[in-house]
Amino acid sequence: MIEHLPILAITVPLFAAFLLPIIEKAHFRARNAAALLAILSVNVMVVLLALRLSREGAPLVYVLGAQSPAQILPQGLDFPIRIMLKIDGFSIFMALTSAVVVLVSYVYSMKYVPEDPRKNYYTILLMLMLVGMLGLEFTNDLFNFFVFLEILSISSSALVSYSYNRKFSPYAGYKYMMISAVATSFLLIGIAFFYSQYGSFNIEYLHGVIRFTLLDKIALIFMVVPLAMKAGAIPMHMWVPDAYSEAPAPVTAALVSASQASLYGVFRLSFSLFGNPVSDVTLNYHTLGWIIIVLGVLSMFVGVTMALVQHDVKRLMAYHAISQTGYMLLGVGVGVVVYMDPGGAAYAAFGRDAMMGGIFHIMNHAFYKGLLFLTSGVMVLRFGTRDLNKMMGMAHRDTFTTLCFIAGALAISGVPPFNGFASKILIYESVYRFSPILAIIAMFVSVLTLASFLKVFYGAFLGPRNEDIIVIDEPLPATVTAAMGVFCFLVLAMGLFPGEVLKYLVEPAVAGLVPGR
Amino acid sequence: MRLISLLSVVFIAGFLLVAVMRLHPVGEPLGNRDVFRFRGDTVTDMRNVDTMDDYFLRNGQRETGSNNIVASVVFDYRGFDTLGEATVLFIVVCAISMLMSFLYNQNYVMEANFRGPDEFPRNVSRIISFGSFMLFPLIISFGIYLVLHGHISPGGGFQGGAVMASGTALLLISLLITRHVQRTKVIFSFFESLGLTVFISLGFAGITASFLYNFLANGSPLFLGRTIPFGPNPGFLNSAGILPLLSLAVGVEVFFGISIILIQLYHFTRYASRAGGGRDI
Amino acid sequence: MSNFFLYLTSILLIMAGLAAILYKRNLIKIVIALNILEAGVNLLFITLGYRPGGTAPIFTMAPELEGLSMVLPTPQALILTNIVIGFATTALMLTFAVLTHRHNDTMDIRNLRGVESND
Amino acid sequence: MISPIIFIILSIVIIIAAFLSLYFRDLLACVVSFSVLSLVLTVIYFHLDAPDVAIAEAGIGAALTTCIFVIAVKLTRRREE
């Protein structure tokens, strides 16, 4: 059963999601147990896959529907015809992040989301979000990538409008769904151009046979720009604050790793499909790198400046999510610019570190942003409102949430003992060697991030104990504290021991993404 | 802001036009003009297989046993996409039932005071009600024909399920399903999950080879595995291995899924509703 | 070059859909524009696999199949999936539009842009 | 051999239906012209030798999409503000 692990990791939660409407008729506790069991089994399977990948070294390939899972080319042909899953370092890195984040947000929402007839659909959609993310990260087929991206966007836009008593949650879901539908349609146009040229959808086969004609470059634009749009990069970031703030807190934590899954799509398509150091004709990486860098710097700056003026705690954190995406784009962009330099001296010097910093930041961001959104969920639970001016004296009430908030805030601003620092220092060092101005901008944005979180801390946590504005005062349910505790542990542990994480997770990810260097 | 969106539309239009000029002319074999060209020749000679499609056209019938090559590509060669597709429909059904669930809790009064289905309601003319009552069985049987003959003639799970769902739409328009909304929804969602579980368990059944492997094709002659000769043949109902079963499972899922969507959207019109209670989360 | 305008039709549909999405204000009309965009993409994909002299990729009793070349099956299989995805997206977005109208009693996005973070 | 004239006529009808469905102020008229667009698209798919897609477009595009559009327009305003 070991060689069937890749497909089981995707289809076991799918099977559980299909059965949930039937299980729910028995008892809602049975449904909670079944869903928790399914998501836990996904985490176990992804860890087993990671171990198997590190043992075997070569990417794992699983062909669907053939006599044997390893039969890539049918007899006597030199091109694949079936759908394939290909798991290398980078997909496992992203799959681990997504699986852990969805597990923690599901454990958090078991007690946080009130028990009513809609909770069953909430569980199904959260599990199908996990299926969408894993499918996106494992597949090696362009159209299959499109289908799983569609699964991810529809289930997350439905979850965004879960709370029906807020006036704007349906409209936030509508905007998010509209952006996703337009983005996936243009992705399909890009896939059509590739199909018309090379007759196949397999990313590995296309990587070998691509000739960078003008049509390929246009197909690149039609595929990478919509995915960057869905990842919340700067030109089309308008949906991010609405979707993140209207969604319930655990859903927003999962949404953060959903946007990172489409960021994975950006890097996977621009490297595994187009990165082709073998053939003589290469895409000119200089401009592609600089475009990513400019997007990154703009996202950083606009994200943090907009966050400073917000007074709704969830919108403030949503704008910070945009600015942190800017860090990842900056890190990988610097790596891309120097990737194709002759001799590879520049790349060896700092390009590789920048790339590692950018990719490591993806995992860190998923954990500490998830922690921050979960704490904001508790703040909304306690005060019944999201407006910072109406909150006061939270620290008296609930010291555990205060500690979690401090951990998250320090991690996001890159303060040493926490994991934000580990990846940001990598980015600062390498970007400084590339061009000092960018590094200074990055540090300045970090300072602004710390400033805005101090404002939130001062506004909501300090101040006298005030009886009349507290809505719920009893201690938090066990699962809520457990979920936030797991995120706190991860944020602290990866901050204290970044060396191991870099060696075992980030290095194979960069090796998988950028072979040959 | 207007200028930026105008510029981006013009920019995208320019890219599309340039790209389409470089595309292979309509009707020519695949492949870019100035790079290389795939030869898509006649169907029957086996030698020059260039692209995925040539392989499907030449080996699809023998490997999967179905005459309709598109059905063999949809359910066998690229069956994982179809599983993803059935999941997309399942997600939308769950999402709409979630968003519309305030219809069923008690603090919503029924807006229209129409009577139950025992006698045809007054605001629908007798012709429509009786006509749709007569037409419904015909639509359902045509839908079932489309689903079952998916691997012989054009059709399949999605098309058959959609045709049957338009039968439900007909019944809704003529107000025949009116009262037992909650009970119909529960039964339909049970059948929808049943169809999906059958689909994915058929995928698991072939797990010894690999997921969604067509283990019944060309194997057991008596049950759905009849091997058919290459080239023109009358087409047999029991060929194509698990294809008819998958098509049936998808047909069931699509019919009940879209019927749930239609019933809930339609019954939204019957309810005046006040904004729900509940805590901000 | 005879049926190049099939490509032109699909591009016109795509551009009409995209322009209407950006400029129209009514929620339902934006959903119609999205469907037109999807129809354009589907038409583009099907015309990629069209062979002028070919038949549908279905083996029937027709004897004279020897010399005939068949239309490519893969675009049809993918567009089948895309049509159902388009229907699913439309159903979900119409539900959102109806709920937005029920909450805010307006279908015009200009009125909806006003107050974002309310309690 | 299907002469290209059929495609020219059908393409023109499609373009007109698309622009009309975006131009009308009365939403029901938009929905009706959208279903005309789906219908003519079905005919084009049939002529492009794609019967499966034609049935799917007819069944889902023309019948069901139009049905839920009409229901949605009935639930909200009929005229575009």
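- Of the residues considered (B:Ser8, B:Ala95, B:Ser193), B:Ser193 shows the highest number of contacts with chain A, using heavy-atom pairs under 4.5 Å.
- Highest contact tally toward chain A, considering only B:Thr208, B:Leu99, B:Thr197, B:Leu196, is held by B:Leu196 [criterion: heavy-atom pairs under 4.5 Å].
- Here the two rings, on A:Phe79 and B:Tyr55, have centers that are 6.0 Å apart or farther.
- The contact between A:Phe148 and chain B is made entirely by side chain atoms (from C-beta outward), counting heavy-atom distances below 4.5 Å.
- When heavy atoms are compared at a cutoff of 4.5 Å, A:Pro80 approaches chain B solely by way of its backbone atoms N, CA, C and O.
- Using a 4.5 Å cut-off between heavy atoms, B:Leu83 touches chain A through its side chain atoms alone.
- Contact tally against chain A (heavy-atom pairs below 4.5 Å) for B:Leu212, B:Val73, B:Ile12, B:Asp81: the top residue is B:Asp81.
- One finds the CZ atom of B:Phe15 at 11.0 Å from the CZ atom of A:Phe193 (value rounded to the nearest 0.5 Å).
- With chain A as partner, the option from B:Val88, B:Leu16, B:Asp76, B:Thr87 having the largest number of non-hydrogen pairs under 4.5 angstrom is B:Thr87.
- Checked by atom type and distance alone, the side chain of A:Tyr62 pairs as donor or acceptor with a backbone atom of B:Phe211 at under 3.5 Å.
- Only the side chain of A:Asp141 comes within contact range of chain B, with heavy atoms under 4.5 Å apart.
- In this structure, the separation between CD1 on A:Ile154 and SG on B:Cys94 is 12.0 Å, given to the nearest 0.5 Å.
- Of all heavy-atom pairs between B:Arg78 and A:Ile83, the closest is CA-CD1, 3.7 Å.
- Here the straight-line distance linking atom CD1 of A:Ile22 with atom CZ of B:Phe191 works out to 10.5 Å at 0.5 Å rounding.
- Put simply, of A:His4, A:Lys119, A:Glu3, A:Glu150, the one with the most heavy-atom pairs under 4.5 Å next to chain B is A:His4.
- Only the side chain of A:Ile7 comes within contact range of chain B, with at least one heavy atom under 4.5 Å from a heavy atom of that chain.
- The two residues B:Met98 and A:Arg118 come nearest to each other via the heavy atoms O-CD, 3.4 Å.
- Looking at heavy atoms from C-beta onward, B:Phe199 lies out of side-chain contact with A:Phe18 at the 4.5 angstrom threshold.
- Rounded to the nearest 0.5 Å, atoms CD1 (B:Ile200) and OG1 (A:Thr11) are 5.5 Å apart.
- Atom CZ of B:Phe90 is separated from atom CD1 of A:Ile151 by 11.5 Å, given to the nearest 0.5 angstrom.
- Heavy-atom distances place no part of A:Val225 under 4.5 Å from chain B, backbone and side chain included.
- Between B:Phe56 and A:Ile81, the closest heavy-atom pair is CZ-O, 3.9 Å.
- Contact of A:Leu125 with chain B is made through the side chain alone, with heavy-atom distances under 4.5 Å.
- To the nearest 0.5 Å, the span separating CE on B:Met52 from OH on A:Tyr195 amounts to 5.5 Å.
- Proximity to chain B is absent for every atom of A:Leu20, based on heavy atoms less than 4.5 angstrom apart.
- Scanning all heavy atoms of the two residues, the minimum distance from A:Ser196 to B:Leu23 falls at OG-CD2, 2.8 Å.
- Residues A:Lys25 and B:Ser189 approach most closely at NZ-OG, 4.4 Å, considering heavy atoms.
- Residues B:Phe80 and A:Val147 have side chains not in contact (no heavy-atom distance under 4.5 Å, counting atoms from C-beta outward).
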